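A short worksheet on the structure shown next.
Below, chain A is the first sequence line, B the second, and so on; all start at residue 1. It should be emphasised that the depicted structure is a prediction, and the values quoted were computed from it without experimental measurement.
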Amino acid sequence: MDYFLTEEQQMIVDLSRQIADELIIPQRAALDESEEFPRDILDAVAKADLFGIYIPEEYGGFGAGTFEIVLALEQFGRGCVGVATAFAASALGAFPIMISGSEEMKQKYLPDIATGVKKAAFALTEANAGSDASGIQTTAVLDGDEWVLNGTKQWITNAGEAKIYTVIAITDRSKGPRGASMFVVEDTDPGFSYGVKEKKLGIRASSTRELIFKDCRIPKDRLIGRQGTGFITVMKTLDKSRPGIAILGVGLGQAALDEAVTYAKQRVQFGKPIISFQAVQHMLADMAIQLEAARALVYAAAKHIDAHPKDMSKASSMCKVFATDMAMKVTVDAVQVLGGYGYMRDYPVEKMMRDAKILQIYEGTNQIQRNVIGQELNKEYT
Amino acid sequence: MLLIDIDACIGCGLCEANCAFDAIHVVDGIAEVNENCTLCGACVDSCEVGALKIEGIDREEKDDLSTWSGIWVYAEYRHGRIAPVTHELLGVGRKLADLKKVPLSAVLLTDKAGDVPAQLVSYGADKVYVVEDQTLAQFTDEAYGNALEDLARQYKPEVILAGATAIGRSFIPRVATSLKTGLTADCTQLDIQQEDGALLQTRPAFGGNIMATIASSKTRPQMATVRPLVMKANVPDPARQGEVIHCTIAPERLVSRVKVRNFVALEGDQVNLNEADIVVSGGRGLDGEKGFQLIAELAQLLDGAVAASRAAVDSGWMPYPHQVGQTGKTVSPKVYIACGISGAIQHLVGMQSSDTIVAINRDPHAPIFDVATYGVVGDVFEILPKLIEKIKQARSA
Amino acid sequence: MKIIVCIKQVPDAKDVRLDPKTNTLSREGVQSIINPYDRHALEEAVRLKEKHGGTVIVLTMGPPQAAEILRESVSCGADEAVLVSDRAFAGADTLATTYTLSQAIKKIGGADLILCGKQAIDGDTAQVGPGLAVRMDIPYVTCIRRIVEASDKAFVVERLMDDGYDEVEVTLPALFTVVKEINEPRLPSLKGKMKAKKLAITTLTAADIDADTAQLGLKGSPTWVVKVFAPQLKGDRTMIEGTVQEQVDQLAEKLMEWC
């Protein structure tokens, strides 16, 4: 369908598509197998200026919005959700600085993120703080001109690869939700190290590790925004980033549909290509309907967020749930269309199915998203 | 441009069917030409009602062409060795010279001729023009090009042939441009047109999927580079007699603005891919450098050269000089053994003129089988070790 | 350093398959692309510019739609673009092409360095680079695989030969043709694409380059196509069947007969 993109938006699509087709797709199976971080691909993405899409112009970026990141991520997601996750995670890591950081902080960090010279990462999750962020145990204590961080963050995307980490820690437990603050930690800071690399079901090209803070001392001015505003920054960050996850589902769904239709046209059984059988046609039709509906919703949500930055939550959660549930269903169905071949690693759809699962889990499980939507509805109807 | 006589055109579509460039279509019963047209003239020849004509060919002969006579072969000699294509050129040159009843000459540019002129005679040359000069010790386009150009102006051959080798394809265009004459690259067939004695030069075009016969008979000399291993060399006859003519070239014409500082020989196998009779080639299906050890072993056993598809080179399994295909080398050995190569069009254009093609591939639908003389559907990792074993056994028996 | 890169628009061979029945090319959906070798020439020019400063101008002779590959080149780092286009150029062989290109280059003030791809994948002649250098009366080196040293006055490069490579020294101005081994071409950048969109492409006609019309196009071409025909079909292929050992035995027998 034609979504009437502007010329600049079309350029972003064309460029990202070229990267997906020429760099990501030829390497994705090998990256999945070796679980290697796609440094070369991300370097090419950086050279193509795409890390700067969402960074404001005054910090060396293009100053484009959520919709434009979504367009780029759709193509990367079509290529490989693992690679796309590494790209998206840098944006997620940059958002807290963009949303709540001081002018000095923006000047210091955003230009390097825009050029891709430095990648960023976002650190929220801990062993006891997943969907319930109030379980955070990492602490930050002011000691003279320095904050001292202690604790362990878990399952942090881009850990070990990024140079800039935005980390939430408790600064005053007595204040409850108002007692958390966000900080920038640099990879070279003393007392900061990484845990082992996790072994995952899917998105195996992305790096997932622990961040370990042992008396990690950072300068006082690394506090993002005011003390105690950590949760607010986190919520705004996730509201802004969720369409990015949603669109990975759309890109992935598109890739799965492409494989399924191509295969169904070639595969001959009972003397006919299997696409001529109604059972297969209906599966493909349902996949296509779900996919296009998801794309339309994500695009609409992204544009809504760009236009109404204060009213992001519901739109952002709705598109995340719908598009990622769709991706799970469509990839499972693609494996079904390919039958035995689909189950084999010689074909890309089994990887797509494995990659799809994380989309329903990370950056807020789809259950949590429904809570958000429910709470928003409750507010709207008072 | 291509002129279409709309009154004569009957919209039969023959032109459309004969166009290799998708440049002419029948629209509403009349042929229409688009910007893809290269003025190759295939449609003009195919049109049965004479509705097509190419405007603008009224070639005039610039000077008296009859003063140009004889067939010349550039004898490529480098690092103390005559390139085998020279012998092949003398083979085809001999035929052309006999057809035209003119002498066949070889041109040797070197710092030290030694017994090379005699060898060139034994392969069929009637005359050998030799320029022996210290400045020719290393190949440079300017010195070699100027020398051949000056000799051509002085002795006026009607045809000059050279090998389509790195050297030939580098400096022969210099000579042709300086002489403002036609040059056809990488020919696979040469003939003499009966009516006017013109040299007809046939070469693969458009990625080897069509053949084009080119003429350049309104200027002299008519020049062509010829693909190695396509023409047949004559059996050398040591008793053959010929004339050796020592020539001098003005010293300022042998000055080169390019200076060769150093030569580094090809690493790895010593067989020159362009000159090998047997080529064993591997592709993506070999799955890594280990797979190429099998290829190398088989090549060594058969005294052949190792080649690779672009996929294998891009994966770092083989260095670039071994790449065969559109962005690599074009080879035409007696036997080309393609192992684990699917046969993308880019690869096929680099090897489909081989005499015999053996394809080994797991996928029975791989396009490589479309050009194969012999096809084996199977796993290269099963077949190659067994094949190597079998040949070794048979040889030792 | 002023660098001119000569590029050509060619049909993309990707996804094209030979029809085994008719032995013709299936052309469906074939797009026009920058000749692959020329992308390496452009990349090398942009790298030289990034290292030593200067300007990269891309030049092509072709129909108006060849402007597309010029824009693509600008999105990959070229600074300026020149299209040489005129009906009078149609049917040019390599001699007429080198005349046209040399006139155009003279018109835009010459260059310190001219880079070309080794050959175009549609014509496969490899003659335009050397011929152009002769027309410009500058030295040239074909098939270079590496630039070893570069300065404003001279270059040291490695040229690929059949038996290895030569390291050669050449004074500027000069022309090189490059093989793909020389570099890995970059993808376009977003900034490049935006620049390419706005770029005004200089278009030169036969009159603009003060061309002698007798040396242009079909008229200026000493070679012409006498006929075009499909290559002879190979004899029917034989599939070697049987168990793996049977296949190997048959194949070994044939190979030992030939080799």
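Of the atoms belonging to Ala176(B), it is backbone heavy atoms, and not side-chain ones, that fall under 4.5 Å from chain C. Proximity to chain C involves both the backbone and the side chain of Ser178(B), based on heavy atoms less than 4.5 angstrom apart. For Gln119(C), the part lying near chain B is the side chain, with the backbone staying farther off; criterion is any non-hydrogen pair under 4.5 Å. Looking at Asn35(C), neither its backbone nor its side chain comes within 4.5 Å of chain B, counting heavy atoms on both sides. Contact of Lys334(B) with chain C is not made at all, since no heavy-atom distance falls under 4.5 Å. Using a 4.5 Å cut-off between heavy atoms, Ser46(B) does not touch chain C at all. When heavy atoms are compared at a cutoff of 4.5 Å, Leu301(B) does not approach chain C at all. If you measure heavy-atom distances from Val244(C) to chain B, the contacts under 4.5 Å come from the side chain alone. With a 4.5 angstrom heavy-atom cutoff, Phe155(C) does not touch chain B via any of its atoms. With a 4.5 angstrom heavy-atom cutoff, Arg203(B) touches chain C only via side-chain atoms. Interface residue Val377(B): backbone and side-chain heavy atoms are both found under 4.5 Å from chain C. Neither the backbone nor the side chain of Leu384(B) comes within less than 4.5 Å of any heavy atom of chain C. For chain B, no part of Glu184(C) is nearby; none of its heavy atoms comes within less than 4.5 Å. Contact of Leu200(B) with chain C is made through the side chain alone, with heavy-atom distances under 4.5 Å. Heavy atoms closer than 4.5 Å to chain B are found nowhere in Asp93(C), neither backbone nor side chain. Contacts of Leu95(C) with chain B are made by side-chain atoms alone, with heavy-atom separations under 4.5 Å and no backbone atom involved. The part of Gln247(C) that comes within reach of chain B is its side chain, from C-beta onward, which places non-hydrogen atoms under 4.5 angstrom from that chain. Only the side chain of Gln323(B) has a heavy atom closer than 4.5 Å to any heavy atom of chain C. With a threshold of 4.5 angstrom between heavy atoms, Val258(B) approaches chain C through its backbone and through its side chain. Looking at Val156(C), only its side chain comes within 4.5 Å of chain B, counting heavy atoms on both sides. Heavy atoms of Asp277(B) lying under 4.5 Å from chain C are absent altogether.
Across Glu241(C), Arg159(C), Arg135(C), the residue that shares the most heavy-atom pairs under 4.5 angstrom with chain B is Arg159(C). Taking Val44(B), Asn274(B), Leu183(B) one by one and counting their heavy-atom pairs under 4.5 Å with chain C, the maximum is reached by Leu183(B). Per-residue counts of heavy-atom pairs under 4.5 Å with chain C were compared for Gly328(B), Ser216(B), Gly145(B), Ala215(B); the largest is that of Ala215(B). Of the residues considered (Glu389(B), Arg395(B), Glu382(B), Gln138(B)), Glu382(B) shows the highest number of contacts with chain C, using heavy-atom pairs under 4.5 Å.
Rounding to the nearest 0.5 angstrom, the gap separating the CD atom in Gln250(C) from the CG atom in Leu387(B) is 12.0 Å. Between the OG1 atom in Thr373(B) and the CZ atom in Arg237(C) there is a gap of 10.5 Å [rounded to 0.5 Å]. The line from CD1 of Ile172(B) to CD of Gln127(C) is 10.0 Å long, rounded to the nearest 0.5 Å.
Residues passing the salt bridge (charged side-chain N to carboxylate O under 4.0 Å, His left out) test with Asp186(B) are Arg169(B), Arg227(B), sequence neighbours excluded. Residues satisfying the side chain to side chain donor-acceptor pair (under 3.5 Å) test with Tyr37(C), not counting sequence neighbours, are none.
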- Carefully, step by step, assess Asp137(C) and Arg257(B) under the rule salt bridge (Lys or Arg N to Asp or Glu O under 4.0 Å). CA-CA 11 Å; Asp137(C) 190 25; Arg257(B) 289 169 285 186; 3.3 Å; yes
*Just do the side chain to side chain contact (heavy atoms under 4.5 Å, CB included) check on Asp249(C) and Lys390(B) with the steps written out, would you?*
CA-CA 7 Å; Asp249(C) 291 349; Lys390(B) 176 81 189 176; 3.3 Å; yes
Checklist line | Candidate pair Lys180(C) and Asp314(B), rule side chain to side chain contact (heavy atoms under 4.5 Å, CB included), full reasoning | finding: CA-CA 11 Å; Lys180(C) 70 162 214 169; Asp314(B) 284 355; 3.1 Å; yes
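Side-chain N or O atoms of Asp162(C) include one that pairs as donor or acceptor with a backbone N or O of Ala166(B) at under 3.5 Å. Within the 3.5 Å criterion, the main-chain N or O of Ser170(B) finds a donor-acceptor partner in the side chain of Tyr140(C). The closest donor-acceptor contact from the side chain of Arg261(B) to the backbone of Glu169(C) lies at 3.5 Å or more, if one exists at all.
Applying the 6.0 Å contact sphere to CG of Asp152(C) captures no more than 12 heavy atoms from other residues, nucleotides or ligands. Heavy atoms of other residues, nucleotides or ligands lying less than 6.0 angstrom from CD of Glu167(C) number more than 12. Atom CD of Gln245(C) has more than 12 heavy atoms from other residues, nucleotides or ligands within 6.0 Å.
The shortest non-hydrogen separation linking Leu255(C) to Val335(B) is CD2-CG1, 4.4 Å.
Phe263(B) places a side-chain heavy atom less than 4.5 Å from the side chain of Asp163(C).
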